[in-house]
Structure formats: structure tokens, C-alpha cells
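All chains are named by letter (A, B, ...) in the order of the sequence lines, taking the proteins before the strands, and each is independently numbered beginning at 1. The shown structure was predicted, so the numbers you read here are calculated from the model rather than taken from an experiment.
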There are 2 protein chains.
Amino acid sequence: MAYEYEYPRPALTVDCIIFGLDKDELKVMLIQRDLEPFEGRWALPGGFVRVDEELEAAALRELSEETGITEVFLEQLYTFGDLQRDPRERVVSVVYYALVNLEGHKIRASSDARNAAWFPITDMPPLAFDHDKIFDTALKRLKGKIRYQPIGFELLPEKFTLSQLQNVYELILEKRLDKRNFRRKILKMHILKELDEIQQDVAHRAARLYSFNEKKYRQMMNKGFSFEI
Amino acid sequence: MAYEYEYPRPALTVDCIIFGLDKDELKVMLIQRDLEPFEGRWALPGGFVRVDEELEAAALRELSEETGITEVFLEQLYTFGDLQRDPRERVVSVVYYALVNLEGHKIRASSDARNAAWFPITDMPPLAFDHDKIFDTALKRLKGKIRYQPIGFELLPEKFTLSQLQNVYELILEKRLDKRNFRRKILKMHILKELDEIQQDVAHRAARLYSFNEKKYRQMMNKGFSFEI
DNA sequence: CCAAAAGTGTTCTCCATACACCCATGC
DNA sequence: GCATGGGTGTATGGAGAACACTTTTGG
């Protein structure tokens with residue numbers, strides 16, 4: 001079956017840039033291409049948007065096909081449309097970024113035959129298409145956004161310690177934070193629920209666990225509260 | 001000439017939401033549709049992306065065709081792709097927002113037969129398609145962005161008074177600011193050039209004129225300075 | 001001389017920052 | 001008992017917020 005249009009149309013794809021926290025490292029999921037162009041190169045997962053499919057649904061589908069993840073923080077990043085970004089034809093790509101925790105979910109590396117892997121953001125291979133540019137844009141967005149929206153929690157398991165949370169901020173902002181000041185600041189916001197549980201299986205004093213109180217956060221947002229680290 | 005594809009493709013458009021400052025009011029440019037669907041309704045200017053045209057170039061072309069403006073602040077806002085946003089067929093729209101000054105440039109209301117006009121953001125008519133949603137998104141972005149990026153200047157003529165600048169912030173943030181604190185804060189950043197000129201033709205004491213020192217701003221940005229109101 | 005907006009300093013409060021030691025636990 | 005990270009308080013400086021009057025100019 002073929003479709004006819006009066007004017008040529010750009011192709012429309014979605015790509016996903018999936019950030020995952022693995023112990024003390026921030027990583028990105030990449031897929032090794034098995035076809036030309038850029039055969040053998042690593043690339044962001046993505047694919048065509050079906051004509052009867054929402055953009056976000058397409059991103060979720062790609063994400064689920066590649067990683068098996070279903071519940072995840074997902075947000076539109078930017079739309080990339082440079083004329084030469086794909087050597088085959090004009091392709092405009094709406095890019096979403098996702099934040100996941102690699103310990104909480106058991107994430108399979110890949111669901112199909114393609115080779116998929118997590119790469120530390122400090123040690124990325126050269127990417128196919130304009131995906132290096134997309135990666136830079138995503139990282140910049142992440143750095144900006146984490147300071148004034150509570151997305152740091154999305155990278156952690158539901159229950160986490162304050163040190164883990166601080167570690168997320170230090171990784172993304174690329175600077176050391178003062179432990180006492182960080183704790184005072186984040187606790188003063190009253191958006192964390194202090195649990196009656198402690199860390200397990202660590203070779204030192206076990207830390208208290210907290211969870212993000214999203215309901216409270218929404219209530220406070222509606223009253224003009226503004227998150228800021 | 002017709003083009004064939006194996007799978008149906010969504011159509012791709014750009015829309016522009018153009019904010020203009022007119023005296024003490026923030027306005028948006030709208031175009032009255034002369035065709036179905038939504039005949040007679042007001043809508044954001046926009047049109048199809050040509051297959052050999054950059055996204056931003058398409059936005060600039062629409063903008064120039066509708067307003068005659070060529071040099072203008074333009075930035076990608078978001079990509080809207082809801083299945084039912086256009087009743088005729090699946091249309092994905094990459095939306096850009098622009099900031100212009102209505103006094104500096106002589107902006108014609110419209111270049112073609114279509115009816116175009118500026119509407120105060122506080123008094124908008126119901127819009128065609130999902131353009132109400134786009135408008136809300138744009139306004140939210142503007143409110144967020146103006147606080148930490150120097151885009152307020154884009155709405156003013158090259159030479160402006162501090163009161164005019166304060167007025168821009170008050171309009172967009174929808175709150176009154178203290179005159180002395182505002183002046184102290186903005187001047188302390190050293191990103192304004194104090195000109196040897198004063199306001200003309202006002203029925204009261206004439207204020208000093210300033211201009212935005214973009215070069216200095218860039219230099220400071222590279223040294224880690226961060227703008228914030 | 002009146003109306004309208006320009007321009008200007010000080011005080012107080014609060015928050016960000018800097019900083020070091022003892023505690024609990026597992027091995 | 002030792003290594004490892006957990007957990008805690010205070011002092012200081014700087015920035016934001018609140019606040020009112022005089023000056024300049026045109027009409």
C-alpha cells in the first residue's frame with residue numbers, strides 16, 4: 001500500500017535519550033546500528049511515528065521495545081530537523097528524554113537482536129546522525145532542570161538515602177555540595193517523607209531512607225512554592 | 001507532481017507565536033482564518049515545512065510573510081502532535097515563539113489578504129485548533145525564561161529606560177516590583193550600557209536611556225555568571 | 001504651580017556558605 | 001579496633017525586601 005501527497009513530506013521520527021543512574025554513575029542507553037548509514041555506530045533508540053500514534057506514545061513504545069521499561073519519567077526535549085541530519089532523506093525527529101533507575105527496575109539491555117548498552121556520560125562513543133548534538137542538548141537541559149524541578153528523585157529507587165540524593169545532584173551539576181547544607185535545604189522543603197526504615201547490607205552505619213512526597217509537592221506548588229537547589 | 005511513500009506520514013508544520021510589546025501592553029499576533037476548518041476563527045500564523053527547508057527558516061519565513069519582520073528573537077517552544085489537533089488529517093506542528101517590539105520596527109499587520117491583528121494577552125479570543133493550549137504553553141515558558149535569561153530586552157527598542165524594562169518584567173511576571181530594588185539589581189549585573197542620551201517627548205522629567213550590552217553578557221556567561229531577576 | 005515620573009539609601013531579616021567532629025555498623 | 005560513611009550546629013557575610021521623599025520637566 002502506498003500513499004500519495006501533492007508535496008514531498010519530511011519523515012517524522014521520535015528518538016529517546018534515556019538517562020539511568022547505576023550506582024554512582026550516570027549513564028545513557030545506546031544501540032549499535034546494524035544497518036547503513038552509520039553501520040556499527042552507536043545511536044539513540046528511536047523510530048518512525050505512526051500516523052495514528054501520539055508523539056509521547058511513540059517515545060514510550062520505543063522505550064519499552066528497547067528496555068522493557070514502562071513506568072518512567074518522560075518529557076519532550078527538543079525537535080531536531082537539520083536538513084542533513086540523516087543522509088538518506090529529510091528526517092525531523094522529536095526527541096524525548098527519560099530518567100530511570102537501573103537498580104529498581106530490572107532493565108534488560110535489549111529486547112531484540114540489536115546490541116544495546118549503557119554508557120557513562122563521561123565516556124561516550126561517537127554517535128550516529130546528529131545524536132552527539134542531541135546528547136549535549138539533553139545534558140544541558142538536565143543540568144538546568146534539576147535545579148528547579150524535583151526530577152532528581154526519578155533517577156533513584158522509591159526509597160533512597162539523603163546521600164544518594166546528594167550524589168545525584170553532584171553527578172549532574174558536576175560539583176561537590178556541602179553535606180550539611182544540602183540536607184538542611186532539602187529537608188526544609190518538606191517534600192520528603194522520612195521512612196521508618198534504614199538502608200540494608202552496607203558495610204557501615206546504615207542510613208535512613210526517605211521517599212519523595214509527590215502529593216505534598218503538588219499541593220505546595222499550587223500554593224506558590226518553588227523548588228530550588 | 002505527487003510523492004509516494006510506503007507508510008502514511010503525518011504532515012509537518014511550523015506555527016509562530018509572536019509576542020509584541022505595545023506601550024504598556026503585551027500582545028500576540030493572530031490571523032483570522034478564511035477557510036474551513038475554523039473559518040473566521042483567530043489562529044497563530046503558520047504553515048507547512050518544505051522538505052528542503054530548515055525548521056527555523058520555515059518559522060522565519062512565516063513570520064516575515066505575516067509581519068514583515070526579519071530580525072527578531074526566535075526560539076523553539078515545543079512540538080504539538082495530538083492526534084485530533086487538526087480535524088482534516090494528522091498534523092504535527094513545531095512551534096516557535098518570537099519576541100518583537102512594536103514601536104521599534106514598523107510592523108505591518110499583514111502582508112497578504114488575510115486579516116491579522118494584535119491582541120492583548122489578557123483579552124484573547126478563542127483560538128482555532130489547539131492554539132489555546134499553545135498560547136498557554138508559550139506564556140508559561142515566557143514567565144519561566146524571563147527570570148533567568150535576558151530576553152526582556154528583546155521586547156524593547158534598542159534604547160530603553162529602566163522603567164520600561166521594569167514594566168516588561170511586571171507585565172510578564174504579573175506582579176509589581178520595587179523600583180529601587182529592581183534598579184539596584186539590574187545595574188549591579190553590569191550588562192547594561194548607560195547611554196549619554198535621555199528620553200524624548202515625555203511630559204515629565206526625561207529618563208536616562210540604556211542599551212543591553214550583549215557582548216559583555218556573553219563574556220560574563222563564559223565566566224560562570226548567571227542572570228537572574 | 002501642578003502633575004507625572006525619575007531618581008536615590010538605609011535598615012533589617014533571612015538565607016547561603018563555610019567549616020569539623022562524633023556516631024553507628026560491619027568486618 | 002579500624003574503616004566507612006551517617007549524622008549533626010554555629011558563626012558570618014551578603015542579598016533580598018521593605019520603605020518615602022526630593023528632583024526634574026512639560027504643560
Check: Hey, is the side chain of B:R180 pairing donor to acceptor with the base of D:dA17 inside 3.5 Å?
Finding: no
Checklist line | side-chain N/O A:S163 vs D:dG5 OP1/OP2, d < 4.0 Å | finding: no
Check: Given C:dG26, C:dT8, D:dG16, which nucleotide is nearest the side-chain atoms of B:K185?
Finding: D:dG16
Item checked: Along DNA chain C (nearest heavy atom to each residue), the more 5'-positioned of A:A206 and B:K179 -> B:K179
Margin query: By nearest atom, which of the nucleotides C:dC19, D:dG26, D:dG7 is closest to the A:N181 side chain?
Written below: C:dC19
Notebook entry, point to check: Is it true that A:F160 and A:Y210 have ring centroids separated by less than 6.0 Å?
Noted result: no
Margin query: In whole Å, I'd like the distance from the CG atom of B:D201 to the P atom of C:dA4.
Written below: 18 Å
Next item on the list: Describe, in one word, how the ring planes of A:Y217 and A:F212 are oriented to each other, choosing from parallel (under 30°), tilted (30 to 60°) and perpendicular (over 60°).
Entry: tilted
Check: Taking C-beta and beyond as the side chain, do B:I134 and B:L77 meet within less than 4.5 Å on heavy atoms?
Finding: yes
Notebook entry, point to check: Of all the choices, D:dT25, D:dA15, D:dG7, which nucleotide is nearest to the side chain of A:R205 once you look at every atom?
Noted result: D:dG7
Notebook entry, point to check: Of the candidate nucleotides C:dA6, D:dC19, D:dG7, which contains the atom at the shortest distance from the side chain of B:D178?
Noted result: D:dC19
Check: Would you say the side chain of A:L162 lies within less than 4.5 Å of the side chain of A:L187, judging by non-hydrogen atoms?
Finding: yes
Item checked: Of the listed nucleotides D:dG9, C:dA5, D:dA17, the one nearest the side chain of B:H204 -> C:dA5
Next item on the list: Kindly point out which of C:dA16, D:dG6, D:dG9 is positioned nearest to the side chain of A:A207?
Entry: D:dG6
Next item on the list: Write down the distance between CG (B:L162) and C1' (C:dT8), rounded to a whole number of angstrom.
Entry: 12 Å
Check: Distance check: side-chain N/O of B:R183 vs OP1/OP2 of C:dT8, anything under 4.0 Å?
Finding: no
Next item on the list: Please say whether more than 12 non-hydrogen atoms of neighbouring residues, nucleotides or ligands are located less than 6.0 Å from CZ in A:R183.
Entry: yes
Notebook entry, point to check: For A:Q200 and C:dT25, what is the distance between atoms CD and P respectively, to the nearest whole Å?
Noted result: 12 Å
Check: Could a donor-acceptor pair under 3.5 angstrom be found where the side chain of A:R184 meets the base of D:dG9?
Finding: yes
Check: Between the base of C:dT17 and the side chain of A:R176, is there any donor-acceptor pair under 3.5 Å?
Finding: no
